[in-house]
Number of protein chains: 2
Amino acid sequence: MIRTKQRELIKNAIMESTTHPTADELFQEIRIKLPTISLATVYRNLNMLASDGVIRKIQMPDMPDRFDWRIAVHDHLYCEKCGKVFDFTLPEALDEQIEQVSGMKVKQYSLVARGICNDCMQHEQN
Amino acid sequence: MIRTKQRELIKNAIMESTTHPTADELFQEIRIKLPTISLATVYRNLNMLASDGVIRKIQMPDMPDRFDWRIAVHDHLYCEKCGKVFDFTLPEALDEQIEQVSGMKVKQYSLVARGICNDCMQHEQN
DNA sequence: ATTAAGAATGATAATCTTTATTATGTGAAG
DNA sequence: CTTCACATAATAAAGATTATCATTCTTAAT
């Protein structure tokens, strides 16, 4: 993995992100600094970084993949009101439980919740 | 939701399935009995049945949606070797835990694991 | 500095799954 | 039987991601 300015910009953009940006959001952001960058390059690098364990790819149904610099095990909650994605961490990882219950070897799992976040709950007028 | 033979066939096909078929797999199967059926109809009806709670839609990253007649809460494990999808059920649902940890209102969640199933473990030659 | 070789890029085509569109057909209530 | 809302078939379109490939960079060695 050689060093290129594209990869550098992509990595920095994620590392500085507070949301969980999609490939396209990162593309739009980086484009301002480096207008010649291609969306394919963004995807390519995000996947490389993810498979190197530098960043994490979050895959949720019905929405584009998102990327996260927080590589420690944690899960995600999508707010159906505001569309934001929040992190949460269960007291203990589920790998073992799943193995016990299923009798299979678990390599990884993804836990994604949908609901309403705190902010949106408070602003609700029902 | 009026009664049509297409809907009937789709529902039956799922109810009799032992795997967790995709829309296209169901389409190919039903096509034999009713060659004029359209893939769009299969999708439309599967989504209707799912939102009516008659069947369940299973969404996993990197593969097409699958459908399941088992509507009771349960989770899924995808075997990376043979490609089959297995069911499992944790001792208790996670909604509450997630709510406590995240402080949000959880409407639903999806837990999908990847790994190696029992059969494939035993046939492995490593 | 030069160069050679591998690796990454940009541009775009292609893929895959799913939904939208629209004209046509059909079930069931009167 | 007629009517009309709803469903269907056929296909176009969308949306996200990956593949392709000619071109351009990086890097390490000369």
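Chain A is the first sequence line, chain B the second, and so forth, proteins listed ahead of strands; every chain is numbered from 1. The structure presented is a predicted model; accordingly, all values stated were derived computationally and were not measured.
- Close approach of DNA chain D to chain A, defined as any atom under 4.0 Å from a non-hydrogen atom of the protein, starts and stops at D/dA16 to D/dT27.
- Of the residues in residues 2-35 of chain B, those lying under 4.0 Å from DNA chain C by heavy-atom distance are B/R3.
- Mapped onto DNA chain D by nearest heavy atom, B/D62 and B/T36 fall at different nucleotides, with B/T36 at the one closer to the 5' end.
- Residues A/N45 and A/Q6 have side chains that never bring a donor and an acceptor to within less than 3.5 angstrom of each other.
- At least one donor-acceptor pair under 3.5 Å links the side chain of A/N118 to the backbone N or O of B/G103.
- The phosphate of C/dG10 has OP1 or OP2 within less than 4.0 Å of a side-chain N or O from A/T41.
- In the displayed structure, B/K11 atom NZ is contacted under 6.0 Å by at most 12 heavy atoms of other residues, nucleotides or ligands.
- Residue whose closest nucleotide on DNA chain C sits further toward the 5' end, between B/R44 and B/Q59: B/Q59.
- At whole-Å resolution of the value, CZ in B/R66 and P in C/dT18 are 10 Å apart.
- In terms of modelled atom types and a separation under 3.5 Å, the side chain of B/D52 and the main chain of B/V54 share no donor-acceptor contact.
- Looking at heavy-atom distances under 4.0 Å, B/M48 makes contact with sugar-phosphate atoms alone, never a base.
- The distance between atom CG of A/L49 and atom P of C/dA8, rounded to the nearest whole Å, is 11 Å.
- Put simply, CG on A/L39 is 14 Å from C1' on C/dA13, counting in whole angstrom units.
- Counting only distance, with no hydrogens or angles, the side chain of A/Y109 and the backbone of A/L94 share a donor-acceptor pair below 3.5 Å.
- Side-chain atoms of A/W69 never come within 3.5 Å of backbone atoms of A/E16 as a donor-acceptor pair (strictly under, hydrogens ignored).
- Side chain to side chain, A/T41 and A/R44 meet the donor-acceptor criterion of an N or O pair below 3.5 Å.
- Phosphate proximity of C/dT19 to B/Y43: absent, as no side-chain N or O sits under 4.0 Å from OP1 or OP2.
- Counting only N and O atoms by type, the side chains of A/H74 and A/R56 include a donor and acceptor under 3.5 Å apart.
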